[in-house]
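Convention: sequence-line order gives letters A, B, ...; per-chain numbering from 1.
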Amino acid sequence: MSALVEARGLRRVLDGEVPTTLIGGIDMDVNGGEFLAITGPSGSGKSSLLYLLGLLDVPSAGEVTIDGRATSKLDETARARLRLETLGFVFQFHFLLPEFSALENVALPMRALGRLNNDAIRLRSHDLLVSLGLGDHAHKRPDQMSGGQRQRVAIARALANDPKLVLADEPTGNLDTASTAQVISILRAMCGPGSGKSVVVVTHDPALAAQADRRLNIVDGKVSV
Amino acid sequence: MSGMWPLILSIARTHILSRLRQTMVGVFGVAIGVGFSVMMASIMEGSQDDFVRQLVDSLPHISVTDERREPPRQPADQVFEAAEIHGLTTKQLRPGIKNPYAIMAALEGWLPGAVAPSVQAKAVIRFAGRDTAASITGIDPKREPDVSKLSTQIRDGSLDALYKSSNAIILGSGLAKKAGARIGNSVVVTAGTGRALSATVVAISHAGVTQIDENSAYVLIKTAQILAGQTGLVNELRVKARDVMQARAVASRIEAETGYKATSWQEAHEDLLSAFQMRNFIMYTVVSAILMVASFGTYNIISTITHEKTRDIAIMKSLGFPSYVVRRIFVVESMMIGVMGLALGWLLGYLMSYGMAQIEFKSPFMDATRLPIIYAPSHYAIAGAVALTASVIAGFFPARKAAALQPVDIIRGAS
Ligand SMILES: Nc1ncnc2c1ncn2[C@@H]1O[C@H](COP(=O)(O)OP(=O)(O)OP(=O)(O)O)[C@@H](O)[C@H]1O
Ligand SMILES: [Mg+2]
């Protein structure tokens, strides 16, 4: 089985008076349907790696191939399009648009993609919220919901365009035990031969890491064995 | 791609509404700019139009006189480069226009308008022992209504009353007042040539312009010729062009065909018209400045919003929203402020113009008047177009900055 994501010779150096190396040469794959956990000490470069895999950042050297497409030469518009079509993001902070309801937030990526009509978008947004146990909260704004609920809305939004890869950066970092367990099982359920999505999750949480198919430990911007 | 517009509009609307107070300040800024621009334009152009109309009404559109643009060449000039001529006495008689009726007949063949002859003479009007200087115009009452407003400016009596008695005269209202003469009175008219005749006042004219009403008197052509001491004299043909703006072109054709100097009203008032042009230039400069200041307000608001919404911009861009969508969101917000401001500004401008039109002014030089306001759609269109363009530009720079934002910079900082 060929990998969904292939990273080769990945480096990211921040320019400056003293250049900072965030990622110092990483080769890694993410397989289709795989649940991969990225762990490591604080400041080791886990988030930085995730941004590179998620095409939010551009590597200083190396190549990220997603679904067979090399991305280092793509311009910003093409990378944005690829994010919209094949990637979903969940961050530690929910990052929802504050003036929009849960339903509208989930609908955003679908409206931006423009493949479905408005009715279909509304229906799918609602279904996603229901599947994450938020059927009753569809019309609430983010500030009217709990942290766990918001994070689930963010997960629903990440799933909106049925991405092949979901990238999550400490998705349970701000949640209580109950919400954490809920989020872990949701992420876990996305992967597997049935649904075929891959999930890459950066986490400090042993419970979450324990659920992963594979773990990648990062120390000082490199994979440590 | 066009499917993006509902999304762009709904996001822009939410942003605008979430900053309602600032938005209203911006809207009022634009509205005041547009409103004052419209009002100023309607007053300035209204007064200009009014002035030009009075000018055009009180003077012939084209005046053909017995002067020539170039003095006729002396026979000696044709032989020598320079010539000194001795012993010439200037002719005492005014030359007049030769064959005026033939020329008029020729002009009437093609002229887009009408033509009438007149004779000018300076005179003193004596009544009850009081002398009042007057400028006498000999006219043809049959033709006069075609070239001037005089027939409509007769207060008591009519133009045709000039035929009533052998020496009839119409006095300007101010002149009649100065002389103390009334209809039916007999006045003595003494011309600069020394010739005098007694005339009966048959009507009073009132143009509403003090300068004219205090100086003018009208008689039949033949009466004026007697005063001038030259039978058959016609020293001016006055032309009324059907299209006032064509006067210049018509004048130059008349001049080419007759050889006499034909002066259009534009030429006669070149200085005034160029003063108007200067005035309009200043007006549009001031108006543009007002609208620019208003658009600074809009720029400020959009900049503030993009700052406050940095995180939202990062979210949208991280999800994969193209940069142009982000840019359009903020340009649209700026345009929304512009459009609301402009709608309110149009209303404000209309109301202020209307209000100005109600104020009455008294002037020593004219009858009491109201400000001549014109309601021209073009003023609204220009102010609107400038305001809208300014708001697009005001929104463009913050929007471009917002669109260039790298989401990873924000996300990195937030987590
Ligand atoms: N803008 C920046 N300028 C300079 N250094 C930076 C910047 N952003 C990140 N770094 C540094 O890069 C390194 C990697 O940061 P990164 O956020 O990827 O770590 P992390 O593994 O996600 O840490 P954490 O577990 O605390 O989230 C850190 O040492 C951090 O201090
Ligand atoms: Mg991190």
Engineer: Look at the rings of A:Phe89 and A:Phe91 and say which category their plane angle falls in: under 30° parallel, 30 to 60° tilted, over 60° perpendicular.
Structural biologist: parallel

Engineer: Ignoring hydrogens and geometry, is there a side-chain-to-backbone donor-acceptor pair from A:Arg150 to A:Pro142 under 3.5 Å?
Structural biologist: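 It does hold such a pair.
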
Engineer: With the side chain counted from C-beta on, respond yes when A:Thr203 and A:Ile38 share a heavy-atom pair under 4.5 Å apart, and no when they do not.
Structural biologist: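 Not touching, per the 4.5 Å side-chain cut-off.
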
Engineer: If only atom types and distance count, is the side chain of A:Asn161 paired as donor or acceptor with the main-chain N or O of A:Pro109 below 3.5 Å?
Structural biologist: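 Yes: the side chain of A:Asn161 pairs with the backbone of A:Pro109.
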
Engineer: At a 4.5 Å cut-off on heavy atoms, which part of B:Ile315 comes close to chain A: side chain, backbone, both, or neither?
Structural biologist: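 For B:Ile315, the contact with chain A is made by the side chain alone.
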
Engineer: Output the distance between atom CG (A:Leu108) and atom CG (B:Leu319), rounded to the nearest 0.5 Å.
Structural biologist: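 Here the rounded value is 7.0 Å.
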
Engineer: Are there residues of residues 273-299 of chain B that reach to under 4.5 Å of chain A by heavy atoms, and which ones?
Structural biologist: none

Engineer: Per the salt bridge (charged side-chain N to carboxylate O under 4.0 Å, His left out) rule, what does the pair list look like for residues 68-80 of chain A, sequence neighbours excluded?
Structural biologist: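 Every salt bridge (charged side-chain N to carboxylate O under 4.0 Å, His left out) pair that includes a residue of residues 68-80 of chain A, provided the two are not neighbours, is A:Glu76-B:Lys317.
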
Engineer: I need the residue from A:Gly114, A:Ala112, A:Ala107 with the largest number of non-hydrogen atom pairs under 4.5 Å to chain B.
Structural biologist: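 Most pairs with chain B among the choices: A:Ala112.
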
Engineer: Any chance you could measure B:Phe397, atom CZ, to B:Thr306, atom OG1, to the nearest 0.5 Å?
Structural biologist: 13.5 Å

Engineer: What's the spacing between B:Ile43 CD1 and B:Met356 CE if we round to 0.5 Å?
Structural biologist: 4.5 Å

Engineer: Given heavy-atom pairs under 4.5 angstrom as the criterion, report whether the side chain, backbone, both or neither of B:Ser318 touches chain A.
Structural biologist: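 Contact with chain A involves both backbone and side-chain atoms of B:Ser318.
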
Engineer: If I measure from the heavy atoms of chain A, does B:Ile8 come under 4.5 Å with its side chain, its backbone, both, or neither?
Structural biologist: neither

Engineer: Measure from the side-chain N and O atoms of A:Glu6 to the backbone N and O of A:Ala70, and report whether any donor-acceptor pair falls under 3.5 Å.
Structural biologist: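 Looks like no, no N/O pair under 3.5 Å.
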
Engineer: Heavy-atom cut-off 4.5 Å, strictly under: side chain, backbone, both or neither for A:Leu22 against chain B?
Structural biologist: side chain

Engineer: Identify which part of A:Leu14 has an atom lying under 4.5 Å from any heavy atom of chain B, answering side chain, backbone, both or neither.
Structural biologist: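 Side chain only.
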
Engineer: For the candidates A:Asp57, A:Leu55, A:Leu82, which exhibits the highest count of non-hydrogen atom pairs separated by less than 4.5 Å from chain B?
Structural biologist: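 Option with the top pair count is A:Asp57.
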
Engineer: A:Arg115 and A:Glu85: side chain to side chain contact (heavy atoms under 4.5 Å, CB included), yes or no, with the steps?
Structural biologist: CA-CA 10 Å; A:Arg115 284 197 186 136; A:Glu85 286 173 342; 3.1 Å; yes

Engineer: Would you mind checking which part of A:Leu87 comes under 4.5 Å of any heavy atom in chain B, side chain (CB onward), backbone (N, CA, C, O), both or neither?
Structural biologist: neither

